[in-house]
K.L.:
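Got a structure for you, questions after.
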Amino acid sequence: MIPRYTRAKMGAVWTDQNKFQQWLEVELAASEALAELGVVPAQDAKLLRQHASFNVDRVLEIEKTVRHDVIAFTTVVAESMAAAGYAEASRWFHYGLTSNDVVDTAQALQIAQAAKIVIEDIHTLRETLRRRAFEFKDAVQIGRTHGVHAEPITFGLKLAIWYEEAGRDLRRVEAAAEDLRVGKISGAVGTFAHIGPEAEERICAKLNLQPAPVASQVIQRDRHAYFVAALASAAALCEKIALEVRHLQRTEVREASEYFARGQKGSSAMPHKKNPITSEQICGLARVVRANVQAAFEDIALWHERDISHSSVERVILPDSSILADYLLDRTNNLVDTMFVYPDRMRRNVDLTKGLVFSGQLLLDLAAAGMLREQAYALVQRYAMEAWDSDGDFRATVEADPEIAKLVSREKLAETFSVERQLKHVDAIFRRVFGAVA
């Protein structure tokens with residue numbers, strides 16, 4: 001991923017330096033476990049732990065010739081042992097292993113590091129969503145379905161929905177990360193031809209991994225697809241939030257807007273512009289993570305016990321998806337944390353159609369008062385359509401109708417058009433979501 005969208009902590013996870021460091025951790029854990037089983041001399045395993053090292057530039061230089069990254073890596077480690085005066089011990093480095101024993105197991109360690117950052121990001125976003133949900137719990141806003149005014153909600157309820165969805169994304173990422181917390185040290189086709197299952201169990205335990213119950217030459221890629229899909233789900237929530245802010249920032253709506261810094265410019269041609277550029281960026285980048293899911297699922301099917309068609313794909317989609325998920329969650333948290341919210345404008349938009357959004361409540365109240373539902377629907381719809389077409393006062397028209405007046409008193413009609421009546425269960429919803437209302 002390009003530096004523009006890469007935060008330092010997550011970017012460090014996917015550097016060559018960290019990748020090779022995780023390879024080294026797997027290799028050293030293998031040497032130590034095999035020493036415990038009496039396969040590798042204990043002193044040599046100790047020397048490897050003390051002196052084995054690598055230089056990224058040297059690994060890449062050798063790879064240009066041998067065209068095999070693991071061989072280049074093991075060659076450089078052998079050079080480091082020779083330089084330290086312990087060349088003999090290097091014969092036990094990578095002993096009994098195949099390349100993907102190291103690559104897949106180490107990749108699981110990298111993914112665990114990346115997942116930890118994403119999980120922290122989601123926790124942070126949830127905390128911000130919770131705080132702002134309570135801040136605007138009672139800020140009345142018009143609900144919209146199909147983009148058209150429906151019935152009143154509160155802006156806090158909208159934030160509560162995002163908070164609750166973020167909780168599901170948190171559980172998905174945690175589950176996917178746990179599903180990928182596996183290693184495999186079972187050899188070229190997964191049969192433990194050279195070292196046994198006990199060694200794999202010991203190696204994985206040293207790395208805080210579980211051994212894959214069964215493997216081919218690779219850990220099966222449904223696990224990786226699940227992880228990328230979980231990241232895409234979190235990114236989709238970011239897009240969902242950003243898309244809503246974009247809509248609410250439209251000139252005709254102006255109920256919320258993203259932060260606009262002093263000195264910021266919105267347009268090179270129109271000085272008045274305050275464009276939702278952060279929200280648009282979030283919506284755009286979420287598409288990249290979502291697109292990577294298809295590639296991840298296509299990596300599941302490999303030839304026989306393994307080919308490398310997945311390898312080149314994963315060099316792109318695993319870092320990019322993790323880096324973008326981290327970036328998007330951080331940007332979305334900042335968006336929610338700093339966005340301007342305009343409750344007065346929200347209330348004006350609720351009142352914009354002069355009571356029209358209470359048509360559903362009027363229908364119910366007429367039916368409850370004795371009017372047949374079909375008759376009530378036709379009556380209310382007729383007045384509603386007239387109000388739509390003429391920009392008329394729906395409530396005033398209803399209150400002046402003698403047929404309605406016979407069934408529903410003025411006091412009852414006041415309840416029909418009451419926002420408070422519509423929103424009387426907001427506290428109950430907050431208790432469901434947050435366990436509290438304040």
Side-chain angles (χ1 to χ4, degrees), residues 1-2 5-7 10-11 13-16 18-19 22-23 69 99-119 121-122 165-166 168-184 190 209-210 212-240 282-330 332:
M1 181 49 59
I2 63 175
Y5 306 127
T6 304
R7 300 175 74 213
M10 181 64 84
V13 171
W14 298 105
T15 60
D16 284 340
N18 188 54
K19 179 181 73 172
Q22 301 316 308
W23 287 12
D69 51 1
S99 295
N100 262 73
D101 288 339
V102 178
V103 171
D104 270 14
T105 304
Q107 185 171 263
L109 298 177
Q110 283 183 277
I111 289 172
Q113 293 171 346
K116 182 179 179 182
I117 295 171
V118 172
I119 288 167
D121 291 339
I122 298 175
E165 183 170 338
R168 293 194 298 277
D169 283 322
L170 177 64
R171 292 190 292 275
R172 291 181 189 116
V173 173
E174 288 175 334
E178 179 62 23
D179 201 43
L180 254 173
R181 196 174 59 84
V182 295
K184 63 84 57 184
L209 300 174
Q210 296 292 325
V214 60
S216 57
Q217 192 176 89
V218 295
I219 295 170
Q220 302 308 290
R221 260 43 198 179
D222 62 293
R223 298 177 186 267
H224 303 73
Y226 179 28
F227 179 68
V228 177
L231 296 180
S233 180
L237 171 61
C238 295
E239 180 182 13
K240 180 178 187 174
I282 290 168
C283 290
L285 291 177
R287 299 169 189 167
V288 179
V289 186
R290 193 158 54 245
N292 287 346
V293 175
Q294 180 176 348
F297 274 90
E298 290 180 355
D299 277 350
I300 293 173
L302 304 176
W303 281 27
H304 306 299
E305 277 58 60
R306 180 230 178 177
D307 60 57
I308 63 165
S309 61
H310 68 291
S311 178
S312 55
V313 177
E314 288 177 1
R315 290 174 192 262
V316 176
I317 67 171
L318 291 179
D320 281 10
S321 298
S322 301
I323 288 169
L324 282 178
D326 172 49
Y327 181 82
L328 286 167
L329 286 162
D330 177 69
T332 304

K.L.:
Going through the checks in order, is the salt bridge (Lys or Arg N to Asp or Glu O under 4.0 Å) test met by K184 and D104?
P.N.:
CA-CA 7 Å; K184 63 84 57 184; D104 270 14; over 6 Å; no

K.L.:
I need the minimum non-hydrogen distance between A229 and F297, along with the two atoms involved.
P.N.:
CB-CE1, 4.3 Å

K.L.:
For atom CD1 of I300, decide whether the heavy atoms of other residues, nucleotides or ligands shown that lie under 6.0 angstrom number more than 12.
P.N.:
yes

K.L.:
Mind listing the closest non-hydrogen atom pair of C238 and I282 along with its distance?
P.N.:
O-CG2, 3.4 Å

K.L.:
Looking at V313 and A295, what are the two nearest heavy atoms and their distance?
P.N.:
CG1-CB, 3.8 Å

K.L.:
Could you measure the distance from the CH2 atom of W14 to the CZ atom of R315? Nearest 0.5 Å is fine.
P.N.:
12.0 Å

K.L.:
Is the shortest side-chain heavy-atom distance between D69 and W23 below 4.5 Å?
P.N.:
yes

K.L.:
Minimum heavy-atom separation for S321 and V228, please, with both atom names.
P.N.:
OG-CG1, 3.9 Å

K.L.:
Within this structure, what is the CG-CG distance for the pair L329 and L324, rounded to the nearest 0.5 Å?
P.N.:
10.5 Å

K.L.:
Under the criterion salt bridge (Lys or Arg N to Asp or Glu O under 4.0 Å), I'd like the reasoning laid out for E178 against R181: C-alpha separation, chi angles, the key distance, then a yes or no.
P.N.:
CA-CA 5 Å; E178 179 62 23; R181 196 174 59 84; 2.9 Å; yes

K.L.:
Hey, does the side chain of E314 reach the backbone of S312 with a donor-acceptor pair shorter than 3.5 angstrom?
P.N.:
no

K.L.:
Between atom OG of S311 and atom CZ of R306, what is the distance when rounded to the nearest 0.5 Å?
P.N.:
6.5 Å

K.L.:
Would you find a donor on one side and an acceptor on the other, under 3.5 Å apart, between the side chain of R7 and the backbone of Y5?
P.N.:
no

K.L.:
Any side-chain heavy atom of V288 within less than 4.5 Å of one from D320?
P.N.:
no

K.L.:
State the NZ-OG1 distance between K240 and T332, to the nearest 0.5 angstrom.
P.N.:
13.0 Å

K.L.:
Are the side chain of Q110 and the backbone N or O of V13 linked by a donor-acceptor pair below 3.5 Å?
P.N.:
yes

K.L.:
What's the separation between atom OG in S322 and atom CG in L231, rounded to the nearest 0.5 Å?
P.N.:
5.0 Å

K.L.:
Determine whether I122 and L237 make a side-chain contact, defined as any pair of heavy atoms from C-beta on separated by less than 4.5 Å.
P.N.:
no

K.L.:
Looking at side-chain heavy atoms only, is the closest gap between V118 and M10 below 4.5 Å?
P.N.:
yes

K.L.:
For S216 and E305, work out which heavy atoms get closest and say how close.
P.N.:
OG-O, 2.9 Å

K.L.:
Quick one: does H224's side chain get under 4.5 Å of H310's, heavy atoms only?
P.N.:
no

K.L.:
How close do V289 and A232 get, heavy atom to heavy atom, and via which atoms?
P.N.:
CG1-CA, 3.6 Å

K.L.:
Nearest 0.5 Å, what's the CZ-CG distance between R172 and D179?
P.N.:
15.0 Å

K.L.:
Quick check: does any side chain N or O of T105 sit under 3.5 Å from a backbone N or O of D101, one acting as donor and the other as acceptor?
P.N.:
yes

